[in-house]
Amino acid sequence: MLDIAFIRNNPDLVKEGIRKKRMRMDLDELLAVDEQVRGLRRDVEQIRADRNRLSKEIPKLKGAEKDEAVAQVKGLKDGLTSKEPQLREAEERFEQLMLLVPNPPAPEAPEGDSDDDNVEVRTFLEPRQFDFQPKDHLELAESLDILDIPRAVKISGARMYCLKNEGVMLEFALFRFTLDHLISKGFQPMIVPQLVRREAMIGTGFFPLGEEDTFFIEKDNLYLIGTSEVPLVAYHMDEILNEKELPKHYCGYSSCFRREAGSYGRDTKGFYRLHQFNKVEQISICVNDPEVSRQEHNLLLSNAEEIMQALKLPHRVALACSAEMGQGQVLKHEIETWMPSRGKYSETHSCSTLHEFQARRLMIRWRSKAGQTRFCHTLNNTAAASPRILIPILENFQNADGSVTVPEALRPYMRGIERIEPKQ
RNA sequence: GGAGGGAUGGCCGAGCGGUUUAAGGCGGCGGUCUUGAAAACCGUUGACCGAAAGGUCCGGGGGUUCGAAUCCCUCUCCCUCCGCCA
């Protein structure tokens with residue numbers, strides 16, 4: 001959510017942001033409703049001020065004077081009962097519209113329509129050249145006996161999977177390695193609820209626009225999280241944090257659930273797009289200084305890059321173009337990892353700066369030494385998400401004999417296994 | 001699932017129809033004292049809207065009343081005990 005004062009003073013900038021993000025939203029309607037709310041509020045508050053003033057006199061009055069004053073206040077009440085519902089209605093509409101306004105992209109974010117317009121920032125390692133016919137991750141996983149999709153579909157439907165054997169070990173190794181790296185950087189490891197209330201979804205900016213992509217447990221009115229960003233950021237909802245405790249650095253492990261509505265037929269094979277996956281996510285909550293925010297962004301991004309470098313996975317860092325950015329994002333970098341079967345770099349990480357967007361919705365504030373309360377800035381970045389990251393691991397580290405070499409960094413967490421061999 | 005108790009400022013907690021402009025404590029900030037620190041003492045300190053005047057806010061909504069933190073209804077949430085259970 002943006003500051004309405006900012007919107008009033010910079011309507012063109014906000015409209016430009018709506019256009020760049022390729023969103024549909026009528027900002028003029030919001031500005032009109034804003035005018036309406038302010039007018040009604042002025043009227044209502046004037047009546048209330050009069051009533052309060054008169055009411056205070058009443059206990060001091062006696063007899064006819066008192067009766068007259070009481071009658072006068074009664075008269076004011078009629079004015080209130082007609083105006084108050086109008087005000088409430090206008091305020092409700094105002095709140096609805098405010099939830100739809102996107103955060104304008106930072107000037108450095110490239111304008112564009114799809115991930116083809118993302119701008120490469122740097123690369124790490126060259127894509128591997130094979131001197132044999134490489135297999136895709138599905139073939140590999142099947143022959144290694146670390147995957148069972150047909151049975152997952154039998155019990156749960158499309159876009160579901162079962163990991164088995166070394167596949168499970170590999171995933172746990174990856175997350176342990178990732179957590180250890182982040183803990184050594186001072187990040188607080190967290191396991192958080194994966195079912196959350198609506199407020200957490202709205203507050204982190206996933207609702208109302210992303211509601212279709214979310215699993216909902218109707219009986220209990222709870223939503224399955226699509227990322228632990230939701231509970232980790234909402235963790236400090238309605239709190240006022242002390243300047244001294246900022247920035248807050250968390251790394252949360254959770255499963256993630258996404259309906260992938262509207263993506264039918266896209267990426268239907270393999271580990272790329274699933275209803276359920278696991279992820280370690282990094283979160284930073286800091287003071288609302290764009291400079292600090294920028295430093296935090298770089299910190300989260302380099303943490304993820306360090307993990308990818310340690311795994312020796314060829315990847316590139318790219319600036320996401322405007323249309324690829326979420327409603328609340330000001331700046332987004334993606335790490336795209338080389339996936340031989342796709343013949344291109346594909347997104348495995350997403351690092352986002354949101355400035356005050358989430359903190360305003362969640363009422364996460366900080367108190368400065370001078371005693372002022374301000375909204376915080378929030379940021380998040382993937383540290384590792386599996387099984388998607390297993391695609392480049394399996395495909396890049398496959399050998400001519402069909403085995404897969406375990407990345408050195410993960411071996412200490414794999415009971416020393418160096419290779420996963422084909423079965424049967 | 002059964003029974004009960006709660007929701008008040010950054011935190012704890014009093015207040016139960018009209019000096020509440022929300023007591024008191026803790027914490028924060030400033031100061032006195034001290035070589036420095038601690039302790040002690042003194043002062044100060046709620047949030048939101050508004051350019052300001054002013055208004056709003058005691059979990060949300062509705063009601064009673066001239067007037068509600070305070071009374072009534074309702075919803076949400078939290079806690080305790082019992083039952084069941086990983």
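Proteins come first, then strands; the chains are lettered A, B, ... in the order of their sequence lines, and each starts at number 1.
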How long is the line joining [atom1] of [X] and [atom2] of [N], in whole Å?
X: A:L241; N: B:rG28; atom1: CG; atom2: P; answer: 16 Å
X: A:I47; N: B:rG54; atom1: CD1; atom2: P; answer: 18 Å
X: A:F94; N: B:rG50; atom1: CZ; atom2: C1'; answer: 13 Å
X: A:D238; N: B:rA7; atom1: CG; atom2: P; answer: 18 Å
X: A:D43; N: B:rG50; atom1: CG; atom2: P; answer: 17 Å
X: A:Q46; N: B:rC49; atom1: CD; atom2: C1'; answer: 16 Å
X: A:E239; N: B:rG9; atom1: CD; atom2: C1'; answer: 15 Å
X: A:E243; N: B:rG28; atom1: CD; atom2: P; answer: 15 Å

Derivation of the salt bridge (charged side-chain N to carboxylate O under 4.0 Å, His left out) call for A:E166 and A:R419:
CA-CA 10 Å; A:E166 291 95 330; A:R419 278 173 165 238; over 6 Å; no
[atom1] atoms of [N] and [M], separation to the nearest Å:
N: B:rA23; M: B:rG46; atom1: P; answer: 10 Å
N: B:rA7; M: B:rG13; atom1: P; answer: 9 Å
N: B:rG25; M: B:rG43; atom1: P; answer: 11 Å
N: B:rU56; M: B:rU74; atom1: C1'; answer: 23 Å
N: B:rG24; M: B:rA14; atom1: P; answer: 15 Å
N: B:rA3; M: B:rU8; atom1: C1'; answer: 27 Å
N: B:rA69; M: B:rU21; atom1: P; answer: 10 Å
N: B:rC48; M: B:rG31; atom1: C1'; answer: 31 Å

side-chain hydrogen bond (donor to acceptor under 3.5 Å, both in side chains) between A:T382 and A:K279, intermediate numbers included:
CA-CA 7 Å; A:T382 319; A:K279 181 153 69 95; 5.0 Å; no
For A:E296 and A:H249: C-alpha separation, side-chain torsions, deciding distance, then whether side-chain hydrogen bond (donor to acceptor under 3.5 Å, both in side chains) applies.
CA-CA 10 Å; A:E296 291 298 302; A:H249 285 156; 2.5 Å; yes
Under-4.0 Å salt bridge between [X] and [Y]:
X: A:R294; Y: A:E291; answer: no
X: A:R342; Y: A:E336; answer: no
X: A:D148; Y: A:K154; answer: no

Are A:L232 and A:T227 close enough, and set up right, to give a side-chain contact (heavy atoms from CB on, under 4.5 Å), and what steps lead you there?
CA-CA 9 Å; A:L232 283 172; A:T227 163; over 6 Å; no
Scan nucleotides 60-67 of chain B nucleotide by nucleotide, 5' to 3', and note B when protein non-hydrogen atoms come under 4.0 Å of the base, S if they reach only the sugar-phosphate, - if neither.
--S---BS
Under 3.5 Å between N/O atoms: give me all the protein pairs with nucleotides 44-48 of chain B, atom names plus distance.
| from | atom 1 | to | atom 2 | distance (Å) |
| --- | --- | --- | --- | --- |
| B:rA47 | O3' | A:R365 | NH1 | 3.0 |
| B:rC48 | OP1 | A:R365 | NH1 | 3.3 |
| B:rC48 | OP1 | A:T373 | OG1 | 3.2 |

Give A:R38 one of three labels, base, sugar-phosphate or nothing, depending on what nucleic acid heavy atoms sit under 4.0 Å from its own.
nothing
For residues 192-203 of chain A, tabulate all N or O donor-acceptor pairs below 3.5 Å that involve a side-chain atom, not counting sequence neighbours.
| from | atom 1 | to | atom 2 | distance (Å) |
| --- | --- | --- | --- | --- |
| A:R198 | NH1 | A:E211 | OE2 | 3.0 |
| A:R198 | NH1 | A:Y223 | OH | 2.7 |
| A:R198 | NH2 | A:E211 | OE1 | 3.1 |

Which residue, A:T204, A:V233, A:L99, forms the side-chain contact (heavy atoms from CB on, under 4.5 Å) with A:R361?
A:L99
Go through A:D113 and A:C321 one step at a time and tell me if the side-chain contact (heavy atoms from CB on, under 4.5 Å) criterion holds.
CA-CA 7 Å; A:D113 298 304; A:C321 80; over 6 Å; no
Donor-acceptor side-chain pairing of A:R93 and A:Q96 below 3.5 angstrom:
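Yes - a donor-acceptor pair under 3.5 Å links their side chains.
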Distance alone, cut at 3.5 Å: any donor-acceptor contact between the side chains of A:S228 and A:E281?
no
So does A:F375 get a backbone contact from the side chain of A:W366, meaning a donor-acceptor N/O pair under 3.5 Å?
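Yes; at least one donor-acceptor contact below 3.5 Å.
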Are the side chain of A:E324 and the backbone of A:N118 linked by a donor-acceptor contact shorter than 3.5 Å?
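Not confirmed, A:E324 side chain does not pair with A:N118 backbone.
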Look at A:R8 and B:rA51 and indicate whether a side-chain polar atom (N or O) is within less than 4.0 Å of OP1 or OP2.
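No, because none of the side-chain N or O atoms of A:R8 sits under 4.0 Å from OP1 or OP2 of B:rA51.
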Tell me, which pairs form a salt bridge (charged side-chain N to carboxylate O under 4.0 Å, His left out) where one or both residues lie in residues 225-240 of chain A, sequence neighbours left out?
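Counting only pairs at least two positions apart or across chains, no salt bridge (charged side-chain N to carboxylate O under 4.0 Å, His left out) contact touches residues 225-240 of chain A.
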RNA chain B stem ranges, 3 or more consecutive Watson-Crick or G-U pairs under 3.5 angstrom:
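Correct response: B:1-7 with B:76-82, B:10-12 with B:24-26, B:27-32 with B:40-45, B:46-49 with B:54-57, B:59-63 with B:71-75.
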Within the sub-3.5 Å range, which N or O atoms of nucleotides 75-79 of chain B have a protein N or O partner, and how far apart are they?
| from | atom 1 | to | atom 2 | distance (Å) |
| --- | --- | --- | --- | --- |
| B:rC77 | O3' | A:R197 | NH2 | 2.6 |
| B:rC78 | OP1 | A:R197 | NH2 | 3.2 |

